[in-house]
**Q** 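This structure is in structure tokens; I'll ask about it shortly.
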Amino acid sequence: MKRSSSSQQRFRAIGLLLSLVLVILFTAISLRNDVRSMDQKVAALYADRLQPAVDLVYLSEHIHAKRLALDDQFVAEASRLPSDLARQLKQYDLKIDNRIGQYEKTQLTTDEAIWLKAFKQNWIQSKHLEQSILRLVATGQQPAAMQLFSERGSSLFRQSIQAIHKLAQIQAETGNKAVQETHRTAAGGSINVTLLIAVSVLVSLTILDLVRTMTWQEAQSHPLHLN
């Protein structure tokens with residue numbers, strides 16, 4: 001009976017060890033997947049949220065700079081030549097087009113795609129309007145150019161800035177959701193680690209108890225004989 005009991009204790013110890021190994025293996029795989037998921041989310045957060053947010057800042061800066069350049073043309077005492085103004089505006093256009101191209105390469109939400117389309121439409125109309133203003137300036141029609149700039153130009157400018165602000169708001173909201181998802185992934189990994197520690201301690205204590213029981217049983221089955 002004692003041998004049978006000792007064998008059962010050994011089988012229980014082996015079973016517990018195998019269970020611990022399986023738990024460790026499962027937890028390790030889960031942690032690896034969590035780490036991989038977090039890495040992907042962090043990379044996406046930078047590529048699709050942080051960098052596009054920087055692009056929006058530069059877009060707004062370049063659009064304001066163009067607006068200021070045209071405004072200077074009408075308020076400065078010594079206006080620049082139309083060709084110089086056109087060259088400066090063209091430089092800003094290239095920078096803006098580059099930023100738009102970079103932004104379009106990112107993962108866009110449905111709302112982002114809608115507002116980006118609205119911004120591009122305003123942007124195209126603004127460039128056509130600027131060409132009309134430049135032609136009026138070149139032909140000496142300064143008052144007409146200034147009126148076009150102040151009325152239609154101001155309206156397109158406000159619409160463009162509104163679109164940029166909306167895109168920035170979407171960036172912030174989407175980025176916040178991505179951060180929350182990363183926190184949940186990290187929390188899941190922390191729970192797995194805690195579970196692994198708890199199971200390891202429990203199994204270790206149980207195995208120690210089994211070993212102590214088996215040692216006592218073996219000592220009882222082999223009593224010492226004093227001569």
Side-chain angles (χ1 to χ4, degrees), residues 40-179:
Q40 293 174 347
K41 288 177 181 177
V42 170
L45 185 63
Y46 174 81
D48 297 327
R49 300 299 147 210
L50 296 181
Q51 185 57 46
V54 174
D55 291 330
L56 290 178
V57 171
Y58 281 110
L59 276 176
S60 179
E61 179 182 317
H62 297 325
I63 289 175
H64 278 86
K66 286 189 69 177
R67 181 75 179 173
L68 183 60
L70 284 167
D71 187 64
D72 287 343
Q73 180 69 22
F74 299 117
V75 301
E77 294 182 1
S79 299
R80 289 165 295 175
L81 293 174
S83 58
D84 292 338
L85 177 60
R87 189 180 303 109
Q88 184 181 18
L89 296 179
K90 182 63 176 179
Q91 291 175 351
Y92 287 126
D93 288 342
L94 292 175
K95 293 178 181 179
I96 294 173
D97 287 337
N98 179 62
R99 292 293 174 178
I100 293 175
Q102 293 296 324
Y103 196 94
E104 288 179 320
K105 293 178 182 178
T106 63
Q107 187 70 30
L108 300 176
T109 65
T110 302
D111 288 340
E112 278 182 299
I114 293 173
W115 280 101
L116 181 59
K117 181 179 179 180
F119 170 79
K120 290 174 65 177
Q121 290 174 344
N122 280 306
W123 170 238
I124 293 173
Q125 294 180 43
S126 295
K127 288 196 292 185
H128 291 328
L129 181 70
E130 289 163 5
Q131 293 301 315
S132 299
I133 293 174
L134 289 173
R135 285 193 294 269
L136 291 172
V137 172
T139 56
Q141 302 179 62
Q142 196 84 351
M146 187 173 182
Q147 182 179 2
L148 189 60
F149 168 76
S150 300
E151 295 177 357
R152 180 59 178 162
S154 295
S155 176
L156 289 174
F157 173 76
R158 286 193 298 270
Q159 292 172 14
S160 295
I161 296 302
Q162 180 186 10
I164 291 177
H165 287 173
K166 190 62 181 180
L167 287 170
Q169 181 182 350
I170 296 172
Q171 284 289 330
E173 293 173 352
T174 308
N176 185 50
K177 290 179 181 178
V179 170

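For this chain, numbers begin at 1 and follow the sequence in order.
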**Q** Working to the nearest 0.5 Å, report the span between CD of E61 and CD1 of I96.
**A**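 With rounding to 0.5 Å, CD (E61) is 10.0 Å from CD1 (I96).
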
**Q** Check S160 against I63 and note the closest heavy-atom contact, atom names and distance.
**A**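 Where S160 meets I63 most closely, the heavy atoms are CB-CD1, 4.3 Å.
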
**Q** Where do H64 and L68 land on the side chain to side chain contact (heavy atoms under 4.5 Å, CB included) test, with the steps shown first?
**A** CA-CA 6 Å; H64 278 86; L68 183 60; over 6 Å; no

**Q** What closest approach, in Å, do P52 and T106 show between heavy atoms, and which atom pair accounts for it?
**A**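 Of all heavy-atom pairs spanning P52 and T106, the closest is CG-CG2, 3.5 Å.
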
**Q** For the residue pair H62 and Y92, does the interplanar ring angle fall in the parallel (under 30°), tilted (30 to 60°) or perpendicular (over 60°) class?
**A**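 Correct class here is tilted.
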
**Q** Answer yes or no: is there a side-chain heavy-atom contact under 4.5 Å between L70 and L89?
**A**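 Heavy-atom side-chain distance check passes, below 4.5 Å.
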
**Q** Distance only, no hydrogens: is a donor on one side chain within 3.5 Å (strictly under) of an acceptor on the other, for R152 and Q125?
**A**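 Judged by distance alone, the side chains do pair up.
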
**Q** Within the 4.5 Å heavy-atom criterion, are S155 and E151 side-chain neighbours or not?
**A**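 S155 vs E151: side chains apart.
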
**Q** Side chain to side chain contact (heavy atoms under 4.5 Å, CB included), that's the test. Do R135 and Q131 meet it? Break it down for me.
**A** CA-CA 6 Å; R135 285 193 294 269; Q131 293 301 315; 3.9 Å; yes

**Q** Quick test of your reading of the model: are D93 and K90 salt-bridged, counting only N-O distances below 4.0 Å?
**A**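 Looking at K90 together with D93, the answer is no, because their closest N to O distance does not fall below 4.0 Å.
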
**Q** Work out which heavy atom in I164 is nearest to a heavy atom in L56; give both atom names and the distance.
**A**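 Nearest heavy atoms, I164 then L56: CG2-O, 3.9 Å.
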
**Q** Are I161 and H165 packed together at the side-chain level, in the sense that at least one heavy-atom pair is separated by less than 4.5 angstrom?
**A**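 Yes, their side chains come closer than 4.5 Å.
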
**Q** When rounded to the nearest 0.5 angstrom, what is the spacing between CG in L129 and CG in L148?
**A**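 One gets 4.5 Å once the value is rounded to the nearest 0.5 Å.
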
**Q** Assess the side chains of Q169 and E173: does a donor N or O sit below 3.5 Å from an acceptor N or O?
**A**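 Yes.
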
**Q** Would a 4.5 Å heavy-atom cut-off, applied to side chains only, mark F149 and D71 as touching?
**A**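 Yes, at least one pair of side-chain atoms sits under 4.5 Å.
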
**Q** Under 4.5 Å between any side-chain heavy atoms of Q73 and V137, yes or no?
**A**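 Yes. Closest side-chain heavy atoms under 4.5 Å.
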
**Q** What I'd like to find out is whether the side chain of K127 reaches to under 4.5 Å of the side chain of D97, using heavy atoms alone.
**A**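 The answer is yes; the side chains approach within 4.5 Å.
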
**Q** Any chance the side chains of E130 and S126 put a donor and an acceptor closer than 3.5 Å?
**A**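 Note: E130 and S126 side chains miss the donor-acceptor criterion.
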
**Q** Name every donor-acceptor pair, under 3.5 Å, that has one atom in a side chain of residues 98-105 and the other anywhere in the protein, sequence neighbours excluded.
**A**
residue : atom : partner : partner atom : Å
R99     : NH1  : D55     : OD1          : 2.7
Y103    : OH   : E112    : OE2          : 3.0
Y103    : OH   : Q171    : NE2          : 3.0
E104    : OE2  : K120    : NZ           : 2.4

**Q** Determine whether K166 and F119 make a side-chain contact, defined as any pair of heavy atoms from C-beta on separated by less than 4.5 Å.
**A**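 Contact flag for K166/F119 side chains = no.
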
**Q** Sequence neighbours excluded, which residues qualify as side chain to side chain contact (heavy atoms under 4.5 Å, CB included) partners of V57?
**A**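 Residues passing side chain to side chain contact (heavy atoms under 4.5 Å, CB included) with V57: none at all.
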
**Q** Below 4.5 Å, heavy atoms only, C-beta onward: do L85 and L81 meet side chain to side chain?
**A**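 Not touching, per the 4.5 Å side-chain cut-off.
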
**Q** Nearest 0.5 Å please: distance from the CG atom of L116 over to the CG atom of L59.
**A**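 Result: 9.0 Å between the selected atoms.
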
**Q** Start with the C-alpha gap between R67 and S154, add the side-chain angles, then the distance that decides, and say whether side-chain hydrogen bond (donor to acceptor under 3.5 Å, both in side chains) holds.
**A** CA-CA 9 Å; R67 181 75 179 173; S154 295; 2.5 Å; yes

**Q** Once rounded to the nearest 0.5 Å, what's the spacing between atom CD of Q162 and atom CG of L167?
**A**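 Reported value, rounded in 0.5 Å steps: 10.5 Å.
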
**Q** Should K117 and I114 be marked as a side chain to side chain contact (heavy atoms under 4.5 Å, CB included) after you check the CA-CA gap, both sets of side-chain angles, and the distance that decides it?
**A** CA-CA 5 Å; K117 181 179 179 180; I114 293 173; 5.9 Å; no

